[in-house]
Every structure is written in structure tokens, then in C-alpha cells.
Amino acid sequence: MQKTALLVTVQEETAQAAIVQEETAQAATVQEETAQAATVQEETAQAATVQEETARAATVQEETARAATVQEETVLEVTAQAATVQVALCHALPRKVQPNNAVSNLR
């Protein structure tokens, strides 16, 4: 009976060891999945950063387009003002008096 009891004990401990081994494997799987989840979380954070930077770049692009429009409008305005000044200067210059033909003929 002692051998039988000892055999039963060994079988029970072997079964428990198998359970522990299976639980250890499951724990390793959980640990690996946790590491993968951390990697996914990090990649998600990086993607969010890229998305923010893309939004900033779009904003900069819009502001650059606005600045180009303002610059173009400024050039047009300055050109118009320069033309106005040029016309005013032309009107302000004394005109050369043309001799009257009747007076010229008298001479």
C-alpha cells in the first residue's frame, strides 16, 4: 500500500507540475501579448504625433498661401499707386507751348 500511496502522490505532483507548466506558458503568452500591446500603444502615440504634425503643416501651407495672396495684392496696390503718381506728375509738369501758326507767320 505504501508503494501505491507513493505512486498516487507522484502522479498527483506530476499532474500539478503539468498544471504549473501550462499556467507558466499562459503567463508567458500574456506577457508577450502585453509587450505587443505596449508596442501598439507606442505606435498609436507616434501616429497621433504624425497626425498633429501633418495638421500643423497644412496650417503652415494655408498661411503661406494667404501670405502669397497678400503679397500679390500689395504688389498690385503699389503698382496702382505708382501709376497714379506717374499720371499726377505728368499733369503737374509744365507743358511746352507750341507756337501759334498765325503768330509764326507774322514774323
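Computation of the quantities below employed the complete heavy-atom set of this structure, encompassing side-chain atoms and omitting hydrogens, waters and symmetry-equivalent molecules. Throughout, residue positions are numbered sequentially from 1 according to the sequence presented.
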S.K.: Filter on salt bridge (Lys or Arg N to Asp or Glu O under 4.0 Å), then keep only pairs touching residues 67-79, sequence neighbours left out; what's left?
M.R.: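 Sorted pair list comes back empty.
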S.K.: Tell me, which pairs form a salt bridge (Lys or Arg N to Asp or Glu O under 4.0 Å) where one or both residues lie in residues 44-54, sequence neighbours left out?
M.R.: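 Sorted result for residues 44-54: Glu52-Arg56.
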S.K.: Atom OG1 in Thr24, atom CD1 in Ile19: separation rounded to 0.5 Å?
M.R.: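 Separation between the atoms: 11.5 Å.
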S.K.: If a pair satisfies salt bridge (Lys or Arg N to Asp or Glu O under 4.0 Å) and one of its residues is in residues 13-26, list it, with sequence neighbours excluded.
M.R.: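 Counting only pairs at least two positions apart or across chains, no salt bridge (Lys or Arg N to Asp or Glu O under 4.0 Å) contact touches residues 13-26.
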S.K.: Under 4.5 Å side-chain heavy-atom separation, chaining through any Ile, Leu, Val, Met, Phe, Trp or Tyr, what else clusters with Leu6? Say none if it is isolated.
M.R.: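 Joined to Leu6, directly or through intermediates: none.
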S.K.: Please identify each residue that fulfils side-chain contact (heavy atoms from CB on, under 4.5 Å) with Thr74, with sequence neighbours left out.
M.R.: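 Result, side-chain contact (heavy atoms from CB on, under 4.5 Å) vs Thr74: Val70, Val78.
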S.K.: Hey, what do you get for OG1 (Thr29) to CD (Gln36), rounding to the nearest 0.5 Å?
M.R.: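 CD of Gln36 is found 10.0 Å from OG1 of Thr29.
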S.K.: Quick one: name the residues clustered hydrophobically with Val10, using the 4.5 Å side-chain heavy-atom rule over I, L, V, M, F, W, Y, and just say none if it's on its own.
M.R.: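 Members other than Val10 - counting any ILVMFWY side chain reachable under 4.5 Å - there are none.
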S.K.: Which distance, rounded to the nearest 0.5 Å, do you find between the OG1 of Thr64 and the CD of Gln71?
M.R.: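 These two atoms lie 11.0 Å from each other.
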